[in-house]
Structures are given as C-alpha cells and as structure tokens.
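Okay, structure first, notes after.
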2 protein chains.
Amino acid sequence: MKKIQKPTDAELEILQILWRDGPSTVRSVNEFLNEKREVGYTTTLKLMQIMTEKSLVDRDTSARTHVYRALVEEGDVQKGLLKKVINTAFHGSASNLIMQALGDHRASAEELRAIKDLIREIETKSK
Amino acid sequence: MKKIQKPTDAELEILQILWRDGPSTVRSVNEFLNEKREVGYTTTLKLMQIMTEKSLVDRDTSARTHVYRALVEEGDVQKGLLKKVINTAFHGSASNLIMQALGDHRASAEELRAIKDLIREIETKSK
DNA sequence: TCATTTTTACGAAAGTCTTCGTAGAAAGGT
DNA sequence: ACCTTTCTACGAAGACTTTCGTAAAAATGA
C-alpha cells in the first residue's frame, strides 16, 4: 500500500494535464492552464518545482527545457481524495457517499447499466 | 439553489458534532473534539465564531453561555464537497466517482442491495 | 467580600497554499 | 557581437486556516 502525498487543488490541475498529455514542459502546461484562467508562467513553474519535491512528478533535466511527467497514477490520487471525503464528510461509509452521488446525479441509462454491471461483478466474486 | 459556503476541515469536524448532538455549547463541542485529539478551548471558540460569520452556524446569545446550532444541512454540505471532488478529480463525472468508490470499497451484500434499490428507483422514475 | 472559574472577544503567530517579481543563465535571431 | 526571448531558481508577499495567549466580564463559592 503506497502512501501518496495528496496534491493541492492547483497541483491537481497540473496533474490532470500531465495525465492527459503525458510528459510536458512547463510552457505547455501553462498554456493549457491559461485556457481556463490566467496564470503566470512562473507560477506554474514554481508549482511544478514543488511537485517535484513532493514526488508527485519527476523531470528530465538533460535539456535546458525540463520535461515533467506524473509520478502518481490518476486512480491512486482519486482513491486518496475519495477516502478523505468519505472519512470527513460521510462517516467513513462509502455507500453513504455512493447513495448521495447517485441521488444527486442525473445518471444516464448507460451509466446506470455500467454501475449495475459492476455491482453484479462484485456480488459474483464475493461468492 | 442555495449557495453554501464550504466548511474547512476543522469546521467540518465541529459541524459533525452539531449535526449529531443538536444545539451545543462551545464547552461541549470542545470536549467531544478532545476525545479524538487535543484542542484548546479558545481554538474551538474561535472557530465557532468564524463559522457564525460564515453563516455555517447560528447562536443563541441570550444567556452568558452561547448555544450554537448548525445552519447548514449535512446533506447539502456533503453534496457540495462531492461536487467539488467530482469536478476536480473525476472529470465532472459522478459515475466515474461511483465506480471508483464501488471498486475500492468492500461493500456488504446489504449495502449493495441498498444501492441496487436506489438504481431501480431512479430507472423507474425516469420512465 | 474576594479569589477562582468560566466565558466571550480579540489579536496575532505559525503553517500552508498560491501567486508573482527579479535575477541570471542559455538560446536564438539579425 | 549584441539584443531579445526563453528558461530555471529563488524569495517573498498575500490569502487562508488553525492555533492559542491575554484580557475583561460574568458567575461561583467559600
């Protein structure tokens, strides 16, 4: 069980880009961030340097322009954030959270089917 | 659609106690907090004063010892936190989150049944 | 009555997160 | 060669969160 350092909000935004695009430069990441909101180049740089220290990302410094890549997997980060919300807001009960999410969310028939399939699979395996 | 100010971690801990016990004094809340970890009385007091300003709680100041009560509902706060996590970590897809929660969580047969019932209900209603 | 305890109010320190300015090195263009 | 652009490094400001010390008022009780 690996212990992942939880990314902050700004860090998570950067990770999303690295997960989507693979290894990227600061410039590239910054440009994508700027599609949503204005962020200074050095702000992004600083964040990515901090993320390197936290071992959230890794970088190739062989060329002048460093290339960063995610060191943590998206699913693991999702799991960590989910666990925290479950523990702090849902009394530690994942079902509680699922019920709330299902209740609030307008799920499509297809989504519901996927969820049902997963439940069926879990039921089968636990036999 | 009411816009609820999102509670911080420490504020959420206090809300949990108010939701569980109903209107409470600072002393009482602080004692419950201290069952988990050491927290100074004035720390709790200050937090609850801040929460009053944020309209997360309300207080009855008619007696010397003020009595605080939650002004936001647990479900609404859960919804807000869930929405944030869905948007920042799950690409805006509640189903994504549900799948992750279901996959990671060792759900009991009973929990699975409750979830299936809810799905069935949603399917019925949407017809 | 007078010391002790309980309570609120307030300010500020310490920690974290986000932001950016400045400096200096490296690369590129003319 | 030299000016401009691009890049990294670093420090620090500003915002937010959590923590608590101190002061003053109110209640308690001996």
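Every chain is numbered from 1, with letters handed out A, B, ... down the list of sequences. Worth saying up front: this structure is predicted, and the values here are computed from it rather than measured.
The side chain to side chain donor-acceptor pair (under 3.5 Å) test applied to Asn96(A) returns no partner, not counting sequence neighbours. Partners of Asp9(B) under the side-chain contact (heavy atoms from CB on, under 4.5 Å) rule, at least two apart in sequence or in another chain, are Lys84(A). Judged as a side chain to side chain donor-acceptor pair (under 3.5 Å), and not counting sequence neighbours, Arg113(A) has no contacts. In this structure, the side-chain contact (heavy atoms from CB on, under 4.5 Å) partners of Gln78(A), at least two apart in sequence or on a different chain, are Glu74(A), Phe90(B), Gln100(B). Not counting sequence neighbours, Arg64(B) has no partner by the side-chain contact (heavy atoms from CB on, under 4.5 Å) test. Legend: residues meeting side chain to side chain donor-acceptor pair (under 3.5 Å) with Asn87(A), ordered by chain and number and at least two apart, are absent. Shown here are the side-chain contact (heavy atoms from CB on, under 4.5 Å) partners of Thr61(B), two or more places apart in sequence or in another chain: Arg59(B), His66(B). Qualifying side chain to side chain donor-acceptor pair (under 3.5 Å) partners for Lys6(A), counting only residues two or more places apart in sequence or in other chains: none.
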Taking protein heavy atoms under 4.0 Å as touching, what does nucleotides 3-12 of chain C look like 5' to 3' if B marks base contact, S marks sugar-phosphate-only contact and - marks none?
-> ---BBBB-BB
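The stretch residues 5-17 of chain B does not touch DNA chain C, since none of its heavy atoms comes less than 4.0 Å from the strand.
Here the range on DNA chain D touched by chain A, meaning any atom under 4.0 Å from one of its heavy atoms, is dT6(D) to dA12(D).
Residues Tyr68(B) and Val26(B) approach most closely at CE1-CG2, 3.6 Å, considering heavy atoms.
The stretch residues 18-44 of chain A participates, sequence neighbours left out, in these salt bridge (charged side-chain N to carboxylate O under 4.0 Å, His left out) pairs: Glu13(A)-Arg37(A).
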